[in-house]
Q: 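I am attaching a structure below and will ask some questions about it afterwards.
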Amino acid sequence: MDAPKNDQNVVTVDVHAAKDLLNSSGYCYLDVRSVEDFNKSHVLNAHNVPYMFITEEGLVKNPDFVGQVAAICKSEDHLIVACNRGGRSLPACVDLLDSGFKHIVNMGGGYSTWVDAGFAGNQPAEELKTSCKFRP
């Protein structure tokens with residue numbers, strides 16, 4: 001396996017490039033926000049695997065994150081990874097790359113930027129954005 005990755009090894013694209021990849025290049029959208037935020041609103045046909053959980057001890061990383069992604073995606077799949085604003089998706093990308101996933105792209109700005117760009121449909125943007133306890 002290659003040397004461990006860091007966030008400098010992660011390709012980040014803006015929401016416009018991400019939308020183009022989803023529409024034309026066979027990429028899948030991996031939403032790493034909480035289940036509650038995902039259920040409120042998400043990109044069509046997205047997969048949801050939370051990267052972090054709120055516990056009594058505070059915010060903790062999902063210890064089964066990579067395994068849960070591997071259960072629904074192959075290491076050769078092309079994935080766009082996003083959270084609400086970008087704070088969780090970048091380390092999620094690093095973990096996936098470190099685990100052998102090959103085609104991982106981080107969506108800069110996260111789902112909030114997707115909504116701001118008008119890609120989330122016809123509901124008012126403030127209704128679609130998460131109230132997100134995870135501010136990253």
Q: If you look at every heavy atom in V32 and A92, which pair is closest and at what distance?
A: CG1-CB, 4.2 Å

Q: What residue among V94, V10, L79 forms side-chain contact (heavy atoms from CB on, under 4.5 Å) with N106?
A: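 Per the side-chain contact (heavy atoms from CB on, under 4.5 Å) rule, the option paired with N106 is V10, out of V94, V10, L79.
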
Q: Closest heavy-atom contact between A82 and Y29?
A: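 Answer, listing the atom of A82 first, then Y29: CB-OH, 3.2 Å.
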
Q: NZ/K19 to CG/L21 distance, rounded to the nearest 0.5 angstrom?
A: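 If I round to the nearest 0.5 Å, the distance is 12.0 Å.
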
Q: Between S25 and Y27, is there a donor-acceptor pair closer than 3.5 Å when you use the side chain of the first and the backbone of the second?
A: no

Q: Has D14 got a side-chain atom pairing as donor or acceptor with A17's backbone, closer than 3.5 angstrom?
A: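 Checking the backbone N and O of A17 against the side chain of D14, a donor-acceptor pair under 3.5 Å is found.
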
Q: When you look at R33 and H42, which way does the side-chain contact (heavy atoms from CB on, under 4.5 Å) test go after all the steps?
A: CA-CA 10 Å; R33 296 177 300 154; H42 58 268; 3.7 Å; yes

Q: How far apart are the C-alpha atoms of N39 and D37, what are their side-chain angles, what is the distance that settles it, and do they pass the side-chain contact (heavy atoms from CB on, under 4.5 Å) test?
A: CA-CA 5 Å; N39 288 340; D37 288 342; over 6 Å; no

Q: Please report the interatomic distance CD1(I72) to NE2(H47), rounded to the nearest 0.5 Å.
A: 5.0 Å

Q: Let me see the working for D31 and V43 under side-chain contact (heavy atoms from CB on, under 4.5 Å), right down to the final yes or no.
A: CA-CA 8 Å; D31 191 320; V43 173; 6.0 Å; no

Q: Could you tell me whether D95 and K61 make a salt bridge, using a distance below 4.0 angstrom between a side-chain N and a carboxylate O?
A: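 The answer is yes: the pair qualifies as a salt bridge.
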
Q: Working to the nearest 0.5 Å, report the span between CD1 of I80 and OG1 of T12.
A: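 Interatomic distance, I80 CD1 to T12 OG1, rounded to 0.5 Å: 11.5 Å.
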
Q: Can you tell me how far SG of C93 sits from CG of D98, rounded to the nearest 0.5 angstrom?
A: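 Taking CG in D98 and SG in C93, the distance rounds to 11.0 Å.
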
Q: Could you go step by step and tell me if N48 and V35 meet the side-chain contact (heavy atoms from CB on, under 4.5 Å) rule?
A: CA-CA 7 Å; N48 178 230; V35 171; 3.6 Å; yes

Q: Which value, rounded to the nearest 0.5 Å, describes the distance between L97 atom CG and H103 atom NE2?
A: 10.5 Å

Q: Could you measure the distance from the OG atom of S34 to the NZ atom of K40? Nearest 0.5 Å is fine.
A: 10.0 Å

Q: Taking the side chain from D77 and the backbone from K74, do they hold a donor-acceptor pair closer than 3.5 Å?
A: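 It does hold such a pair.
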
Q: Provide the closest heavy-atom pair for A46 versus F38 in the form atom of the first, atom of the second, distance.
A: O-CZ, 3.6 Å

Q: Where is the tightest heavy-atom contact between M107 and W114, given as atom of each residue plus distance?
A: SD-CE3, 3.7 Å

Q: If every non-hydrogen atom of F65 is compared with every non-hydrogen atom of P50, which pair is closest and at what distance?
A: CD1-O, 3.6 Å

Q: Side-chain donor-acceptor pair under 3.5 Å between Y51 and S89, yes or no?
A: no

Q: Aromatic ring centroids of H16 and F119 under 6.0 Å?
A: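 Yes, they do, as the ring centres are separated by less than 6.0 Å.
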
